[in-house]
Amino acid sequence: MKANVTYWLDETAARFPDKTAYADENKAVTFRELRERARNIACELTARGLFKKPVAIFLEKGVDVLVSFMGAAYSCNFYSPIDVDMPGSRVNKILEVLEPSVVITTKDLREVFSAYEYRGEFLLLEDVLSAGGGQTAEAGKDGLRGHGDDETAREAALEAARRRGVDTDLLYVLFTSGSTGVPKGVTINHRAVIDYIDWVTETFEISEKDSFGNQAPFYFDNSILDIYSTLKTGATTYIIPKNLFAQPVPLLEYLKEKKINTIFWVPSALIVVAKLKAFRNVDLSDTLRRVLFCGEVMPNKQLNVWRKFLPNVQYANLYGPTEITDACTYYIVDREFSDEEPLPIGFPMPNTDILVLNEKDEPVTGEESGELCVRGTSLSMGYYKNPEKTREAFVQNPLNQAVPELIYRTGDIVKYNERGEILYLSRKDFQIKHMGHRIELGEIETAVSSLEEVSLCCCLYDEKRQKIVLFIEEELEKAYINEKISRLVPEYMLPNKLIRVEKMPINANGKIDRVKLKEYI
Ligand code: AMP
């Protein structure tokens, strides 16, 4: 029985010490190196007395981020990646909620961090990991630096910490968009990831022979599948350079060159490839085996292009929010679909129960639609230090009056089709998915409202054209507003279109009339 994901790393490093675990544009680590470096970081965290404490990771996306994740996990602390490109004010909001005990970063990035409201401790990678990237030569028998009694004591302290941990201890906190402008920290424990990855690796028969092509940023939960399937099985994950996602032909050439046979991307990334028909230039039929996707609706129109060019690949639609450890339902594509048909999100994963509840909190019947709610060990432990939001989304199972049992209310409206498969229909709130990013329109509205010149504003999403539309009453330019709010929200949240209205329409409840505004799109 495993209570900590790093036991996988111990086993895999023993089985495949010299095999590449993770590789980015500039460097690669073998499983042995990964373990050694992670344990060096972990020893340092334990030596500082940290146990079950938040560790923020502030690094450019790459191998070192994953080494740091494992360092936090080994020492029974939990990590939270902070995107280095995020606007400073949002980083500050995250730091305020997380209150990290330590920030893992580099000497250079620490300088950037001085602009933030953080006065706590740092752990600089250059200090913990020896120069040149590998400390194999100087490592002790268990991969820890140096020799002698000191190291034995550090090692013993680390093992004691890991043994003390339980599987419901947190592994990570990922921050998602929050409607009030304060990001919500979704907490996930070791057990949830262990269950999920057991399912992934068994269902898709992942082994050390496989190679993943990672697209998902590490602050986005899709990355869990690549990171931990690799850790468990001895596969390899290649972190694909971000700029390739705007150039489909070089992107597919990269997959071919690295012999990547499994990808788990957001549909937006797959759609770009399909639209530009890049398959005509690069033949991946002997390379790709599995194309998995999750995070937003995958239109059959574009999936059919993939299927036409790569008919022998296994395709699977995974569905789920960050709050239930990446995915809770799945559909392995097993039949033809016309371009207009919806692709099912399928069936619950094992050890996961899906309740589709109508407005009276009763299970739906027949063709009735309802909110998808989830039960099981995959559930988040709640939003970090946010009991109010936690209580709204994680509620007592209305079908169980006997003992406390939480379900997570996703806010997604679904129904069953005649085959018993779940179909995703829409959201019941103002959360959207734009180019794969989860966004609360309220977060953009909060940012725009903070501008002195703006009195009332409203954001809607134009699904058809995939545009964030901002409505205001004032005569302001879109470029001006975006320039101002880019200090508050990430680039992917900037409105794509601005519509000026003479007077904001108000409905009978005195709220902005979104239905009326929709007519202007
Ligand atoms: P995130 O927390 O970023 O993973 O976003 C979760 C939300 O993305 C869900 O609540 C859904 O609204 C949407 N979503 C995730 N996967 C799918 C899918 N396969 N089909 C449709 N929508 C999805």
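Remember, it's 1-based here, ligands and their atoms both numbered in the order they're listed.
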- Query: Relative to Y383, does K389 satisfy both conditions: NZ or CZ under 6.0 angstrom from the six-membered ring centre, and within 45 degrees of the ring's axis?
  - Reply: no

- Message: Taking the cut-offs as 6.0 angstrom to the six-membered ring centre and 45 degrees off its axis, would you call K467 and Y461 a cation-pi pair?
- Response: no

- Who passes side-chain hydrogen bond (donor to acceptor under 3.5 Å, both in side chains) against S229, sequence neighbours left out? none

- For K2, which residues count as a side-chain contact (heavy atoms from CB on, under 4.5 Å) partner, sequence neighbours excluded? Y7, W8, E11, I194

Could you pull out all donor-acceptor pairs under 3.5 Å where a side-chain atom in residues 237-244 meets a protein atom, sequence neighbours excluded?
unit_1: T237; atom_1: OG1; unit_2: D226; atom_2: O; d: 3.3
unit_1: T237; atom_1: OG1; unit_2: T230; atom_2: OG1; d: 2.6

- The ring pair (Phe, Tyr, Trp, His ring centres under 6.0 Å) partner of Y330 among W199, F347, Y315, Y319 is W199

Check ligand 1 for N or O atoms under 3.5 Å from a protein N or O and list each pair with its distance.
unit_1: ligand 1; atom_1: 2 (O); unit_2: T322; atom_2: N; d: 2.9
unit_1: ligand 1; atom_1: 2 (O); unit_2: T322; atom_2: OG1; d: 2.6
unit_1: ligand 1; atom_1: 2 (O); unit_2: R438; atom_2: NH1; d: 2.5
unit_1: ligand 1; atom_1: 3 (O); unit_2: K433; atom_2: NZ; d: 3.0
unit_1: ligand 1; atom_1: 4 (O); unit_2: G320; atom_2: O; d: 3.4
unit_1: ligand 1; atom_1: 5 (O); unit_2: K433; atom_2: NZ; d: 3.0
unit_1: ligand 1; atom_1: 8 (O); unit_2: G295; atom_2: O; d: 3.2
unit_1: ligand 1; atom_1: 10 (O); unit_2: D412; atom_2: OD1; d: 3.4
unit_1: ligand 1; atom_1: 10 (O); unit_2: D412; atom_2: OD2; d: 2.5
unit_1: ligand 1; atom_1: 10 (O); unit_2: R427; atom_2: NH1; d: 3.4
unit_1: ligand 1; atom_1: 12 (O); unit_2: D412; atom_2: OD1; d: 2.7
unit_1: ligand 1; atom_1: 12 (O); unit_2: D412; atom_2: OD2; d: 3.4
unit_1: ligand 1; atom_1: 14 (N); unit_2: G295; atom_2: O; d: 3.4
unit_1: ligand 1; atom_1: 16 (N); unit_2: G295; atom_2: N; d: 3.0
unit_1: ligand 1; atom_1: 19 (N); unit_2: N317; atom_2: OD1; d: 2.9
unit_1: ligand 1; atom_1: 19 (N); unit_2: L318; atom_2: O; d: 2.8
unit_1: ligand 1; atom_1: 20 (N); unit_2: E296; atom_2: O; d: 3.3

